[in-house]
Amino acid sequence: MEMEKIKKIHYNLPQLEMSLVRAQLSTCIWGRGTGKTEGPGAEFIARNAMDMPGSLGGIVSITYDKLLNMIIPALKVGWERMGYKENVHYWVKKAPPENLKIPNCYRQPDVNTHLIKWYNGSAQLLISIDRINISNGASLAYIYADEVKFFPREKFKEVLLTLRGQAHLYGDQSCCESLLLTTDQPTPGMPGDWIYDIEKDSDREIPQLILAIQKEIFDLNEESHKASKRRKKQIEKEIDMYLDYINTLRIGLNYVSRASTMDNIHALGIKVLENLKDTLTPFEFSLSVLNKKPSKPENSFYHLLEEEKHGYYAPNNDFIDGLSGRTEKDCRFDGDLVWELPLELGCDYNVAINWVTIGQEKDSSFDVINSLFVLKPKKIKDLVYNFDKYYKLKKKVNNSVIFNFDHTAVGEDAKSDISFADEWISELTSKGWNVIPNYIGKSSGHRSRFYLWQQVLAGDKQLKPFRINRGNNIDLLISLKATVTKKDRKGDFEKDKSSELKKSIAPEHATHGGEALDCLVWAKYRPMMNGNNSFLLATSM
């Protein structure tokens with residue numbers, strides 16, 4: 001099978017530099033709209049597949065549904081631009097036609113469920129952090145990991161253990177055992193802030209040397225167009241020598257590229273930039289567009305929260321593996337949903353954002369299975385609509401919802417005539433949910449919540465273990481990790497909620513999400529603490 005006629009591809013400057021440097025360890029920390037996935041990501045995969053025929057690489061995402069619905073579609077755009085067509089040059093999650101007699105890749109899996117297969121025998125294993133078992137036993141020649149700001153270090157290390165060679169097949173090529181990481185700037189508290197350690201150890205001189213050599217190669221190619229046959233042979237030898245030198249320089253090279261949306265403004269247009277500035281907060285614009293590095297939080301309110309200890313992943317693998325194309329996510333994607341049990345809700349109500357945290361009490365644990373939010377101008381009715389849409393099928397099995405709320409849900413107006421709680425109950429009821437209201441009284445103080453969270457997260461024996469679905473609560477976990485304490489007027493600590501008032505903080509990463517979870521956890525765990533004298537003493541001081 002032959003490729004179509006070579007066509008020109010437009011790259012912005014950061015994309016061009018990545019293509020030319022092509023280090024063995026490459027990291028893109030790029031802002032929005034810079035073309036991370038369809039640019040460096042697509043090229044990294046395609047070039048490795050072509051340079052190492054029959055190799056097996058890996059593509060990694062935080063969750064498998066994001067891999068299917070976001071990453072692969074963006075890669076397809078990049079491959080199409082390069083001239084590679086689906087079902088002609090590559091096949092996603094299915095075997096190529098038998099009559100093409102395409103050979104297997106190195107240690108090819110028995111099934112194609114988690115595979116992209118190429119016409120020259122190469123393939124990529126589709127891996128996600130929430131389905132880490134897919135990579136078990138694999139031996140990968142290269143790995144592309146997208147949106148690594150969401151990747152917990154320890155989980156990603158498990159994937160990196162599969163990057164162990166095929167060097168016996170591909171010799172000293174620098175693309176063998178190569179790694180490409182792409183992401184925009186991690187916000188404070190994100191699990192993927194380990195990329196800053198990679199950046200700290202990156203090399204700044206060798207990439208410049210490679211670019212200089214690439215310029216020499218370009219000049220030689222230009223000269224070759226007008227050169228004599230004898231000179232052309234000399235030029236070919238010189239270029240081969242330079243390419244060997246570049247390959248040697250790439251081996252072991254750690255290259256980190258930074259780019260802002262401004263680097264792609266000629267392609268996006270000034271209008272896109274103006275729209276981003278109008279719709280994003282100053283913090284989001286600084287982080288996601290200008291790509292400025294944020295500061296790290298200290299004095300965490302939820303200081304005992306550990307994702308490895310309290311977090312879990314629970315994709316519904318049987319359902320997901322049966323999907324053939326892009327499918328909007330709903331409760332069928334969740335393997336931890338117990339359809340026969342009611343859903344338990346804790347909410348936060350605000351002009352800028354409305355949150356709902358969703359839990360279920362299982363036999364051996366209390367699990368926060370999901371969380372949803374809507375930003376202004378959307379309101380409670382929009383959030384209820386999203387909740388109902390997500391759990392519509394579950395409603396047919398058990399339509400009960402325990403709605404937990406405190407005095408803040410009844411002391412303010414939601415739509416000038418009914419309270420927040422009334423609106424939630426009314427909207428849920430109108431959509432066929434059986435709402436069980438649970439009024440928990442006056443909102444608890446920060447000291448009381450802090451000590452309750454300590455008991456919950458420390459694993460108090462009289463409490464059911466607390467767990468949180470990491471795949472479904474990414475923004476909630478960021479909110480929790482970024483929530484800090486401050487001293488009140490008496491010199492005691494309290495939750496610092498100033499982020500809720502700052503336009504420099506994205507609402508979904510301010511303390512609103514934690515407030516919603518506080519309500520759910522207080523309603524569930526506070527009654528269990530009756531009789532615990534140390535807790536009662538601590539919260540009464």
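Everything numeric here is computed off the predicted structure, so don't read it as measured data. Basis for what follows: all heavy atoms, side chains included, without hydrogens, waters or symmetry-related copies.
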Residue [X] excluded, over 12 heavy atoms near [atom1] under 6.0 Å:
X	atom1	result
N87	CG	yes
E306	CD	yes
D110	CG	no
K309	NZ	yes
E205	CD	no

Q: Apply ring-ring contact (aromatic ring centres under 6.0 Å, His included) to W194 and F151, showing your working.
A: CA-CA 9 Å; W194 46 263; F151 287 19; 7.2 Å; no
Q.
Run the side chain to side chain contact (heavy atoms under 4.5 Å, CB included) test on I358 and V368 for me, step by step, so that the C-alpha distance in whole Å, both residues' side-chain angles and the decisive distance to 0.1 Å come before the verdict.
A. CA-CA 6 Å; I358 304 156; V368 180; over 6 Å; no
Q: Report the C-alpha distance between D334 and N370 in whole Å, list the side-chain angles of each, state the deciding distance to 0.1 Å, and finish with yes or no for side chain to side chain donor-acceptor pair (under 3.5 Å).
A: CA-CA 9 Å; D334 301 332; N370 202 0; 4.7 Å; no
Are [X] and [Y] within salt-bridge range, i.e. N to O under 4.0 Å?
X	Y	result
K233	E236	no
K431	D388	no
D172	R250	no
E147	K66	no
R231	E223	yes

Spacing of [atom1] belonging to [X] relative to [atom2] belonging to [Y], to within rounding of 0.5 Å:
X	Y	atom1	atom2	value
N398	E340	CG	CD	8.0 Å
E86	W91	CD	CH2	10.0 Å
I195	K200	CD1	NZ	13.0 Å
T63	N472	OG1	CG	8.5 Å
D321	K93	CG	NZ	5.5 Å
E43	R81	CD	CZ	9.0 Å

Q: Under the side chain to side chain contact (heavy atoms under 4.5 Å, CB included) rule, what do L75 and I59 come out as? Steps first, then yes or no, please.
A: CA-CA 10 Å; L75 290 173; I59 304 173; 3.9 Å; yes
Provide the closest heavy-atom pair for [X] versus [Y] in the form atom of the first, atom of the second, distance.
X	Y	value
P14	A259	CG-CB, 3.6 Å
Y142	C175	CB-O, 4.1 Å
I102	P96	CD1-CB, 3.6 Å

Q.
Test side chain to side chain contact (heavy atoms under 4.5 Å, CB included) on V60 and D146; report intermediate values, then the result.
A. CA-CA 6 Å; V60 191; D146 196 22; over 6 Å; no
Q: Examine R332 relative to F319 and say whether NZ or CZ is less than 6.0 Å from the centre of the six-membered ring and inside a 45° cone about the ring axis.
A: no
Test item: [X] side-chain N/O and [Y] main-chain N/O as donor-acceptor pair under 3.5 Å:
X	Y	value
S202	E199	yes
E154	E308	no
S122	A49	yes
R47	S19	yes
N469	G471	yes
R131	P315	no
Y245	D240	no
S135	A138	no
N69	T327	yes
S26	A23	yes

Would you call [X] and [Y] a side-chain contact if the rule is heavy atoms closer than 4.5 Å?
X	Y	value
I129	F150	no
Q15	W30	yes
L56	L115	yes
M18	L180	yes
I320	L68	yes
P207	L253	yes
Y255	T27	no
K362	V338	yes

Q: Could you check T182, D193, D184 and say which one makes a side chain to side chain donor-acceptor pair (under 3.5 Å) with K149?
A: D184
Q: In sequence, state the C-alpha distance, the side-chain angles, and the governing distance for N473 and S371, and then conclude on side chain to side chain donor-acceptor pair (under 3.5 Å).
A: CA-CA 6 Å; N473 294 284; S371 57; 2.7 Å; yes
Q.
Set out, in order, the CA-CA distance, both residues' side-chain angles and the distance that settles side chain to side chain donor-acceptor pair (under 3.5 Å) for R22 and N48, then state yes or no.
A. CA-CA 11 Å; R22 205 181 173 194; N48 282 352; 3.0 Å; yes
Q | Whether F44 and Y144 hold their rings parallel, tilted or perpendicular, with breakpoints at 30° and 60° | A |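 Answer is tilted, since the angle falls between 30° and 60°.
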Q. Mind checking whether W355 and F373 have parallel, tilted or perpendicular rings, split at 30° and 60°?
A. tilted
Q: Carefully, step by step, assess V256 and L25 under the rule side chain to side chain contact (heavy atoms under 4.5 Å, CB included).
A: CA-CA 8 Å; V256 176; L25 169 55; over 6 Å; no
(Q) Checking K481 against E307 for the salt bridge (charged side-chain N to carboxylate O under 4.0 Å, His left out) test, could you report, in this order, the C-alpha distance in whole Å, the side-chain angles of both residues, the deciding distance, and whether it holds? (A) CA-CA 10 Å; K481 289 184 176 182; E307 285 198 43; 2.5 Å; yes
Short side-chain donor-acceptor distance under 3.5 Å, [Y] and [X]:
X	Y	value
Y312	D336	yes
W118	Q124	yes
K117	Q108	yes
N254	D201	no

Q: Please lay out, stage by stage, how K389 and E328 fare under the test salt bridge (charged side-chain N to carboxylate O under 4.0 Å, His left out).
A: CA-CA 10 Å; K389 185 178 181 182; E328 186 174 0; 3.2 Å; yes
